[in-house]
Amino acid sequence: MSRASVREALRTLELLGIVETRAGGGTFVRQTSPDDLARPLTGLISRGHSLADVIEFRGLIEPAIAALAAERITQAQLTELGGIFATQERKVAAGEPYADEDTRFHELIGEASRNELLTTMLGVVWDVMRESREQWLQTNQRAHSSLDAHRRILAALVAHDGDTARRAAADHIKSVGEGILRLIGGSKV
């Protein structure tokens, strides 16, 4: 690799805030948080990729998060997740909007995974998909489908069964993703 290529790569990392160059001292990796890494990722995902690509990415990351959560979730988090699910069920039965509960359900699973980088990346994906997800959640049939999927994920988390949580999350993301793409006329269905 040429020195010019290395210099260019270091300049890019410095612009992203990942490294810092000290005159006479060298180049050092900065203390970064997942949010520091997410900022450039948000721009990249929102402007450079199709919704189908974003959904596909979500389908790779969210099942892994569910599997980790199944191993690491606390009883307090399970109790909170059960409460969120119960509220979502009540709202669906009453025909009320439940997007906030749906979002919180997935966020809490992310928190339970105890991997801040994965959950930060997932948050970026959710920000990009927010509008299409809200459209998707508007029909009664879709609401009940989402509830069924959440019920399976919750059961796997309660059982601390990482493989089942991974499969349930993967099935849920695949179903929702395909539905969103059909709804908006995307591809990769």
From [X] [atom1] over to [Y] [atom2], what is the distance, rounded to the nearest 0.5 angstrom?
{"X": "Asp171", "Y": "Arg152", "atom1": "CG", "atom2": "CZ", "result": "6.5 Å"}
{"X": "Lys91", "Y": "Leu147", "atom1": "NZ", "atom2": "CG", "result": "12.5 Å"}
{"X": "Ile109", "Y": "Ile153", "atom1": "CD1", "atom2": "CD1", "result": "5.5 Å"}
{"X": "Leu60", "Y": "Met121", "atom1": "CG", "atom2": "CE", "result": "10.0 Å"}
{"X": "Thr119", "Y": "Glu62", "atom1": "OG1", "atom2": "CD", "result": "11.0 Å"}
{"X": "Glu89", "Y": "Ile84", "atom1": "CD", "atom2": "CD1", "result": "13.0 Å"}

For a quick test of reading the model, state the closest non-hydrogen atom pair linking [X] to [Y] and the distance between them.
{"X": "Ala67", "Y": "Arg166", "result": "CB-NH2, 3.4 Å"}
{"X": "Ala149", "Y": "His172", "result": "CB-ND1, 3.2 Å"}
{"X": "Gln88", "Y": "Ser146", "result": "NE2-OG, 3.9 Å"}
{"X": "Arg72", "Y": "Ala112", "result": "CB-O, 3.3 Å"}
{"X": "Ser113", "Y": "Gly110", "result": "OG-O, 2.6 Å"}

Results of ring pair (Phe, Tyr, Trp, His ring centres under 6.0 Å) for Phe105 - residues two or more places apart only: His150
With side chains defined as the heavy atoms from C-beta onward, is the minimum distance between [X] and [Y] less than 4.5 Å?
{"X": "Glu80", "Y": "Arg104", "answer": "yes"}
{"X": "His160", "Y": "Leu78", "answer": "yes"}
{"X": "Leu118", "Y": "Ile61", "answer": "yes"}

Given Leu68, Thr74, Ile73, the one that forms side chain to side chain contact (heavy atoms under 4.5 Å, CB included) with Arg114: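 Option passing the side chain to side chain contact (heavy atoms under 4.5 Å, CB included) with Arg114: Thr74.
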Which residues share a side-chain hydrogen bond (donor to acceptor under 3.5 Å, both in side chains) with Asp161, sequence neighbours left out: Thr164
All side-chain hydrogen bond (donor to acceptor under 3.5 Å, both in side chains) counterparts of Thr87, not counting sequence neighbours: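 With neighbours one apart ignored, the set is empty.
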Hphob cluster co-occupancy, Ile65 + Leu108, side-chain heavy atoms under 4.5 angstrom: yes
NZ/Lys174: more than 12 non-hydrogen atoms of other groups inside 6.0 Å: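 Result for NZ/Lys174: open.
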